[in-house]
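Just below is one structure, and these are the notes that go with it.
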Amino acid sequence: MNQVKTDEKYQLHVDQQKSFKQNSTPGDLTGCQLRNPTSSLPQGVAGPSAHSSQKLIEDALQKRELRLMKNREAARECRRKKKEYVRCLENRVAVLENQNKTLIEELRALKDIYRHKVE
DNA sequence: CGGACATAACGTCATTTTCG
DNA sequence: CGAAAATGACGTTATGTCCG
């Protein structure tokens, strides 16, 4: 339904970014696999009560899971849109190549006609 | 058959962009 | 301006193909 709309949006993004950003400091592992998954969570400090701090941790974990799930789906959608965008581009290339061929042929024919006339 | 290589799809993290 | 969404980058996994 919103095909064109999303494509336009994607185009905007791509135009803007130019992707000259490979200096994202590969120095430190940007890898994902085994980072402490709870690193951004409240530490298990000896708090007011073991129960409430435990609940904090559980809440944070739940929040994280929700965020990961949303991002997972966003990534899927993003890839889908990108593939669609690339397909559109490839299609456009094919169309333009055909147009180009036709025009070249037409020009050749016109030149032929002209040559016969002046002879 | 099985290992080496290529490719596609995925999940996660970091960063950028959008929107209220 | 901050939260949420979108996207780039990177590592992992699954699948297919080729070749010895």
Side-chain angles (χ1 to χ4, degrees):
Chain A
M1 310 294 185
N2 50 1
Q3 199 58 40
V4 179
K5 193 75 176 184
T6 55
D7 281 351
E8 280 173 359
K9 247 186 161 183
Y10 191 79
Q11 178 96 43
L12 268 182
H13 291 160
V14 172
D15 281 352
Q16 282 169 358
Q17 55 203 8
K18 321 271 189 185
S19 283
F20 288 149
K21 44 168 300 189
Q22 56 186 20
N23 28 340
S24 55
T25 60
D28 263 9
L29 50 138
T30 54
C32 44
Q33 212 50 7
L34 284 184
R35 284 185 182 159
N36 180 4
T38 60
S39 59
S40 62
L41 300 176
Q43 300 296 345
V45 281
S49 82
H51 285 70
S52 61
S53 65
Q54 182 63 25
K55 185 165 188 322
L56 276 182
I57 291 174
E58 279 176 15
D59 282 357
L61 271 175
Q62 202 170 346
K63 208 173 163 187
R64 179 176 192 275
E65 281 309 310
L66 185 65
R67 181 173 53 78
L68 287 182
M69 194 179 79
K70 279 186 175 180
N71 185 247
R72 201 178 301 140
E73 284 162 16
R76 273 196 219 113
E77 176 65 8
C78 185
R79 290 184 191 115
R80 191 194 62 75
K81 274 165 60 182
K82 188 170 184 176
K83 275 181 81 173
E84 176 67 22
Y85 173 64
V86 169
R87 260 197 296 271
C88 282
L89 282 185
E90 287 170 345
N91 196 45
R92 185 162 161 72
V93 166
V95 167
L96 290 176
E97 278 177 348
N98 275 336
Q99 274 184 11
N100 201 33
K101 252 187 222 164
T102 303
L103 289 172
I104 286 173
E105 183 54 36
E106 194 179 327
L107 179 62
R108 208 179 57 76
L110 288 173
K111 279 180 171 175
D112 245 28
I113 291 174
Y114 177 73
R115 193 177 318 126
H116 284 110
K117 271 200 164 164
V118 297
E119 279 172 1

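All figures in this text were calculated on a predicted structure; none of them were measured in a lab. Below, read A as the first sequence line, B as the second, and so on, with proteins coming before strands; counting in each chain starts at 1.
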If I take atom NZ in residue K83(A) and atom C1' in nucleotide dT7(B), what distance separates them, rounded to the nearest angstrom? 11 Å
Between M69(A) (CE) and dT12(B) (P), how many Å, whole number? 11 Å
Would you say dT12(B) has OP1 or OP2 under 4.0 Å from some side-chain N or O of R72(A)? yes
Would you mind reading off the distance between K70(A) atom NZ and dT7(C) atom P, rounded to a whole angstrom? 17 Å
Taking the side chain as every heavy atom from C-beta outward, state whether L68(A) and E65(A) have any pair of such atoms under 4.5 Å apart. yes
Please report, rounded to the nearest Å, how far the C1' atom of dG11(B) is from the CZ atom of R67(A). 12 Å
Check whether any side-chain heavy atom of L107(A) sits under 4.5 Å from a side-chain heavy atom of K111(A), and report yes or no. yes
Do K81(A) and E84(A) have side chains that get closer than 4.5 Å, going by heavy atoms? no
Closest to the C78(A) side chain, choosing from dT7(C), dT12(B), dG11(B): dT7(C)
What integer distance in Å separates E77(A):CD from dA4(C):C1'? 16 Å
Can a side chain N or O of K82(A) be found less than 4.0 Å away from OP1 or OP2 on dA6(C)? no
Closest of dA9(B), dA6(C), dC10(B) to the R79(A) side chain is dC10(B)
From NZ of K63(A) over to P of dA4(C), roughly how many Å is that when rounded to an integer? 7 Å
Measure the distance from NZ on K81(A) to P on dG8(C) and round it to the nearest whole Å. 10 Å
Is the shortest heavy-atom distance from the side chain of Q62(A) to the side chain of E58(A) under 4.5 Å? no
Measure the distance from CZ on R76(A) to C1' on dT12(B) and round it to the nearest whole Å. 13 Å
